[in-house]
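Remember, predicted model here, so these are calculated numbers, not experimental data. One-based numbering, in listed order, for ligands and for the atoms of each.
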Amino acid sequence: MCGIVGYVGPRPALDVVVEGLRRLEYRGYDSAGVAIVGDNELQIAKKAGRIENLDKLIASESATRAITGNTGMGHTRWATHGAPNDRNAHPHLDASGRIAVVHNGIIENFSALRAELESAGVEFVSETDTETVAHLVAAHLTAHGGSLADATRAVARRLQGAFTLVLLDAEQPEVVVAARRNSPLVLGVGYGETFLGSDVAAFIEYTREAVELGQDQVVEIRRDGYTITGFDGTPVTGRPFHIDWDLAAAEKGGFDYFMLKEMQEQPGAVRDTLLGHLVDGQIMLDEQRLDRQDLREIDKVFIVACGTAYHAGLIGKQAIEHWTRIPVEVEMASEFRYRDPVLSRQTLVVAISQSGETADTLEAVRHAREQNAKVLSICNTNGAQIPRESDAVLYTHAGPEIGVAATKTFVAQVAAVELVGLALAQARGTKYGDEITTEFDALCAVPDQISAALAAMEPVRELAREIASAKAILFIGRHVGYPVALEGALKLKELAYMHAEGFAAGELKHGPIALIEDGLPVVVVMPSPTGRPVLHQKMLSNVAEIKARGARTIVIAEAGDAAAREHADHLIEVPALPTLMSPFVTTIPLQVLAAEIALARGCDIDKPRNLAKSVTVE
Ligand code: F6R
């Protein structure tokens, strides 16, 4: 949510900033704006809607005012306070036009601050919480002088809530200053140029050297480098890191949509996530601030996550319980901390988050740590807040995922949570070393099977076009097939704006079967006839029941499942895998189905309406 770019260097700042905003588009936004300092004057352009609208505005005004300068910042806004219109778009200025601010997050005490400023005669031009910061910083500089960084520190100390703020001062054109609390911001270090970005995609075209910023820190960037301090002015050293992917990874590579490319990258995402995690027969995590004894003592696991990551957690529960015999509960992160879950030192909370920024998951992690539980996070973003606040981390190496709908990060999360299951089984001795190796090897065989599934998707695309005008689609599954059904329904909702529901097949006759009517497509995720014969049999009965009531059955079954064929109006075969690994391939047709239906309905599958890639507000 919200994208932020900052730049100081020799290049035309407008180009760097607008290009950076484009690379952050996937985060979700509804207006865009830039501020550039040139000739000791701030030049602002902002517009509701897509970045193309901002481009048009800048082009249409170029005859009368060219936006030039080498210091600048940009913002894509996902509205929280105030409607997504031109007026509320960022940047915001103080009354004199000296200070410009962009902001990601929510300033919780903004009403009090606004009232204070209004009683001092300040007139607000927007409804945003952000504008208060521009006025406060300007007032501080007028009263105390000093640098923009000094004023930012003083104001940041007064703010409550979550924020990344980036500021420009027309009178200090060689610097950009940023403040960070609970909202993402990273620094990019080039030769004679320095960058800020909500994530590294903002500047990956120019440098792969980045620096993590911590909580409650202010950074000043200049051409020759940067200075980081705490809000109290104490110098701080940021943690440098090298970005291990490049521009090509963040581009479409010949596909019409990022999502289509990212679906094809799923074998690699799983392969890279597993790589190097079995060393001398031992499962290794990436960062381990827990010792083996801590893991041995775990007697309860909670998995907390949102959306697709939650579905990965539901699959992980089956694997962890099966391999370790430790009870596992999977909770939506948004519910977890508000219901006072029972946690202790022996509880392991596994937080799954692609972005590592999701506010609900981050707060769940904090709640767990306050209650002395141990936290292990699974994350796709190096240096993000959730891994930084965790006791142990396992990174998914899926590379950048730009399409808003999670695809390759989902399969990578399933691989990672299964690795966590093996690590726990090893620490607790519930599996012998050779059994761990066998399971790990089975996981390593998965990428080839995903490739095989992806290669056989043409009939699914055809089917998708046939059923694209359906009113609704239902998805049913059992055991690990149930979270796959939920994930299939979520993908369809978010991409095609179609009513879709996932159900545990056994629950159908307790209510949902009333939804079945003539011709309603129902996608069935079939259990394996050999791996789970009892469930397979039960599922056949469920399919017979809905077919008898007119459903059009689309059955996803293991290759060679003859019984499934008999019950299917459309049969989609996927490669056979051990039960706990079957979601890696049963998910594929559901992703393809959702994407193709959405495309047939004219939807933009990379940027579904109302959605943000990373949800940094609760
Ligand atoms: C759906 C989707 C979302 C995310 C959810 C959690 O396709 O992408 O449901 O899975 O917002 O995001 P992360 O994993 O970044 O915490």
Return yes or no for this condition: an N or O of Leu490 is under 3.5 Å from an N or O of ligand 1. no
Which of the atoms of ligand 1 are close to Ala309, meaning less than 4.0 Å from one of its heavy atoms? 10 (O), 14 (O)
Can you list the atoms of ligand 1 that are under 4.0 Å from a heavy atom of Gly307? 9 (O)
Among Lys491, Glu494, Gln413, side-chain hydrogen bond (donor to acceptor under 3.5 Å, both in side chains) partner for Thr308: Lys491
Shortest protein heavy-atom distance from atom 13 (P) of ligand 1, along with the residue and atom involved: Thr358 OG1, 3.2 Å
If you round to the nearest 0.5 Å, how far is CG of Leu443 from CG of Leu274? 5.5 Å
Nearest non-hydrogen protein atom, atom 7 (O) of ligand 1: Glu494 OE2, 2.5 Å
Parallel under 30°, tilted from 30 to 60°, perpendicular over 60°: which one fits the rings of Phe302 and Phe336? perpendicular
Run the numbers on Glu25 and Arg23 for salt bridge (Lys or Arg N to Asp or Glu O under 4.0 Å), then give the verdict. CA-CA 6 Å; Glu25 268 194 299; Arg23 295 203 188 287; over 6 Å; no
Could you tell me whether ligand 1 has any atom less than 4.0 Å away from a heavy atom of Thr409? no
Can you pull out the closest protein heavy atom to atom 15 (O) of ligand 1? Residue, atom name and distance to 0.1 Å, please. Ser355 OG, 2.6 Å
Considering heavy atoms of the protein only, find what lies nearest to atom 14 (O) of ligand 1 and give residue, atom and distance to 0.1 Å. Gln354 N, 2.6 Å
Answer yes or no for Glu357: is there a heavy-atom contact with ligand 1 below 4.0 Å? no
Among all protein heavy atoms, pick out the one at the shortest distance from atom 2 (C) of ligand 1; state its residue, atom name and that distance to 0.1 Å. Thr308 OG1, 3.7 Å
What protein heavy atom sits nearest atom 11 (O) of ligand 1, and how far away is it? Val615 CG2, 4.2 Å
Smallest heavy-atom separation, Pro184 atom then Thr164 atom, equals O-OG1, 3.0 Å
the protein heavy atom lying closest to atom 5 (C) of ligand 1 turns out to be Cys306 O, 3.5 Å
Is the NZ or CZ atom of Arg180 both under 6.0 Å from the centre of the six-membered ring of Phe163 and within 45° of that ring's axis? no
Within ligand 1, which atoms have a heavy atom of Val404 less than 4.0 Å away? 8 (O)
side-chain hydrogen bond (donor to acceptor under 3.5 Å, both in side chains) partner of Lys408, the single match among Glu401, Gln266, Glu265: Glu265
Looking only at non-hydrogen atoms, find the nearest pair between Asn380 and Ala398 and report the distance. OD1-N, 3.1 Å
Ring centre gap for Phe503 and Phe475 strictly below 6.0 Å: no
Considering the heavy atoms of Lys491, write down every atom of ligand 1 situated less than 4.0 Å from one of them. 1 (C), 7 (O)
